[in-house]
Amino acid sequence: MARRIKEEPSVHRKRIADAAEKLFITHGIEKTTVSMIAESAGYSKATIYVYFENKEEIVAYLVLHSMKLLKDEIMNHTSKSLSYKDNYSGVCEGIIRYKDKYPIYFSLLQDVINVDFSEGQYYESEKSTYYIGEEINKYISELFNLGDDAFVVIFTFWSSICGILSMTDKKSKYIEKQSRIKKDSFVLLELEMLYHGLINR
């Protein structure tokens, strides 16, 4: 235990969050308790509360981590030197890779994000999540020169691609029966239609 006392708080927070993430994947967020997280991380329940106010703050911490990963995926697959079409494909590829690598984060991405920081009733990680999300949106806006329509176009894009990826996962057998196209190819077809309707206007 002495070794842990000397470690930075960030080390303890990450260790706790890593344990929570594994439990969330296995049991779901709702069914995972702080006691379960403490046992999995090797801490007492009281120690968990030294580093996190409650389970909700642990979730907020993970959402922030997920937003950083999403930003990295998008940035790694795009460049302002590429064409609109290549960048669109890059953004979509980044999101698809993000969903496949971090399904729980993809799910969290679609949950409510706190945007009210005026009264101080928020976790710092929530505020950071909001600003990273805005950085992603600004970057996408600049990639496609969206101008005054940026918010509507980007929100429509996020809603559409999240819906496409979620629905094709749930209805893959139906899609293959009706269209005779494999799920992954069908996703690409839908994204192509989205590009022509949304970006390449």
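Any value given below was found using the heavy atoms of this structure, including those in side chains, with hydrogens, waters and symmetry copies removed. In what follows, residues are counted from 1 in the order of the sequence shown.
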Q. Does Tyr123 share a hydrophobic cluster with Tyr61, counting links as ILVMFWY side-chain heavy atoms below 4.5 Å and allowing steps through other members?
A. no
Q: Examine Leu70 and Ile113 and state if one hydrophobic cluster contains both, with Ile, Leu, Val, Met, Phe, Trp and Tyr joined whenever side-chain heavy atoms are less than 4.5 Å apart.
A: yes
Q. Does Leu189 sit in a hydrophobic cluster with other residues, and if so which ones, taking ILVMFWY side chains as linked at heavy-atom separations under 4.5 Å, directly or through other members?
A. Ile175, Ile181, Phe186
Q) Ala20 and Ile58: which non-hydrogen atoms are nearest, and at how many Å? A) CB-CG2, 3.6 Å
Q: Report yes or no: do Asn145 and Tyr84 form a side-chain donor-acceptor pair below 3.5 Å?
A: yes
Q. Restricting to pairs with a member in residues 120-131, which pass salt bridge (Lys or Arg N to Asp or Glu O under 4.0 Å), not counting sequence neighbours?
A. none
Q.
Can you list everything that forms a salt bridge (charged side-chain N to carboxylate O under 4.0 Å, His left out) with Lys14? Sequence neighbours excluded, please.
A. Asp18
Could you list the donor-acceptor pairs under 3.5 angstrom formed between side-chain atoms of residues 99-107 and any protein atom two or more places apart in sequence or on another chain?
| unit_1 | atom_1 | unit_2 | atom_2 | d |
| --- | --- | --- | --- | --- |
| Lys99 | NZ | Asp169 | OD2 | 2.7 |
| Lys101 | NZ | Glu73 | OE2 | 2.8 |
| Tyr105 | OH | Glu21 | OE1 | 3.0 |
| Tyr105 | OH | Glu21 | OE2 | 3.4 |

Q) Roughly how far apart are Cys162 SG and Phe157 CZ, rounded to 0.5 Å? A) 8.5 Å
Q) Under a 4.5 Å cut-off applied to non-hydrogen side-chain atoms, are Ile154 and Ser141 in contact? A) yes
Q: Scan residues 151-165 for pairs that pass side-chain hydrogen bond (donor to acceptor under 3.5 Å, both in side chains), counting only residues two or more places apart or in two chains.
A: Asn137-Trp158
Q: Indicate if Val115 and Tyr131 have the same hydrophobic cluster label, given that clusters are the connected sets of ILVMFWY residues with side-chain heavy-atom separations under 4.5 angstrom.
A: yes
(Q) Rounded at 0.5 Å granularity, tell me how far CG in Leu165 sits from CD1 in Ile95. (A) 7.5 Å
Q: Dump the intermediate steps for side-chain contact (heavy atoms from CB on, under 4.5 Å) on Val91 and His77, then the final yes or no.
A: CA-CA 6 Å; Val91 171; His77 289 85; over 6 Å; no
(Q) Going by salt bridge (charged side-chain N to carboxylate O under 4.0 Å, His left out), name the residues that satisfy it together with Lys173, two or more places apart in sequence or in a different chain. (A) none
Q | Side-chain heavy atoms of Asp72 within contact of Tyr98, under 4.5 Å | A | no
Q: Working to the nearest 0.5 Å, report the span between CD of Glu135 and CE of Met67.
A: 10.5 Å
Q.
I'd like to check the side-chain hydrogen bond (donor to acceptor under 3.5 Å, both in side chains) partners of Glu134; sequence neighbours left out, ordered by chain and number.
A. none
Q. What is the distance from atom CG of Leu62 to atom CG of Leu108, rounded to the nearest 0.5 Å?
A. 7.5 Å
Q) So do the side chains of Ile161 and Cys92 get within less than 4.5 Å of each other, counting heavy atoms only? A) yes
Q: Using the side chain to side chain contact (heavy atoms under 4.5 Å, CB included) rule, pick out the option among Leu143, Leu198, Leu194 that qualifies with Tyr88.
A: Leu194
Q: Determine whether the aromatic ring centres of Phe117 and Tyr130 lie less than 6.0 Å apart.
A: yes
Q. Under 4.5 Å between any side-chain heavy atoms of Lys171 and Lys183, yes or no?
A. no
Q. Side chains of Thr47 and Ser44: donor-acceptor distance under 3.5 Å anywhere?
A. yes
Q) So which pairs with a foot in residues 44-66 pass salt bridge (Lys or Arg N to Asp or Glu O under 4.0 Å), sequence neighbours left out? A) Arg13-Glu57
Q | hydrophobic_cluster_shared for Tyr49 and Tyr43, side chain cutoff 4.5 Å | A | yes
Q | Check against side-chain contact (heavy atoms from CB on, under 4.5 Å), Asp111 and Val63 | A | CA-CA 10 Å; Asp111 283 345; Val63 170; over 6 Å; no
Q: With rounding to the nearest 0.5 Å, note down the distance linking CG in Asn87 to OH in Tyr195.
A: 9.5 Å
(Q) Tell me which pairs pass salt bridge (Lys or Arg N to Asp or Glu O under 4.0 Å) where either residue lies in residues 185-195, with sequence neighbours left out. (A) Lys85-Glu192
Q.
I'd like to check the salt bridge (charged side-chain N to carboxylate O under 4.0 Å, His left out) partners of Glu142; sequence neighbours left out, ordered by chain and number.
A. Lys80
Q | Nearest heavy atoms of Tyr122 and Asp116, plus distance in Å | A | CD2-O, 4.2 Å
Q.
Suppose we screen for salt bridge (charged side-chain N to carboxylate O under 4.0 Å, His left out). Which residues come up paired with Glu176, at least two apart in sequence or across chains?
A. Lys182
Q. Between the side chains of Thr78 and Tyr139, is a donor N or O closer than 3.5 angstrom to an acceptor N or O?
A. yes
Counting only pairs under 3.5 Å, give me each side-chain donor-acceptor contact of residues 28-41, with atom names and distances, residues two or more places apart or in other chains.
| unit_1 | atom_1 | unit_2 | atom_2 | d |
| --- | --- | --- | --- | --- |
| Thr32 | OG1 | Leu23 | O | 3.4 |
| Thr32 | OG1 | Gly28 | O | 2.7 |
| Thr33 | OG1 | Met36 | N | 3.1 |

(Q) Is there a side-chain contact (heavy atoms from CB on, under 4.5 Å) between Leu146 and Phe151? Walk through the geometry before answering. (A) CA-CA 9 Å; Leu146 297 180; Phe151 177 77; over 6 Å; no
(Q) Would you say Val50 ends up clustered with Ile16 if hydrophobic residues are merged whenever their side chains have heavy atoms under 4.5 Å apart, either directly or through other cluster members? (A) yes
Q) Heavy-atom count around Lys22 NZ within 6.0 Å, excluding the residue itself: above 12? A) no
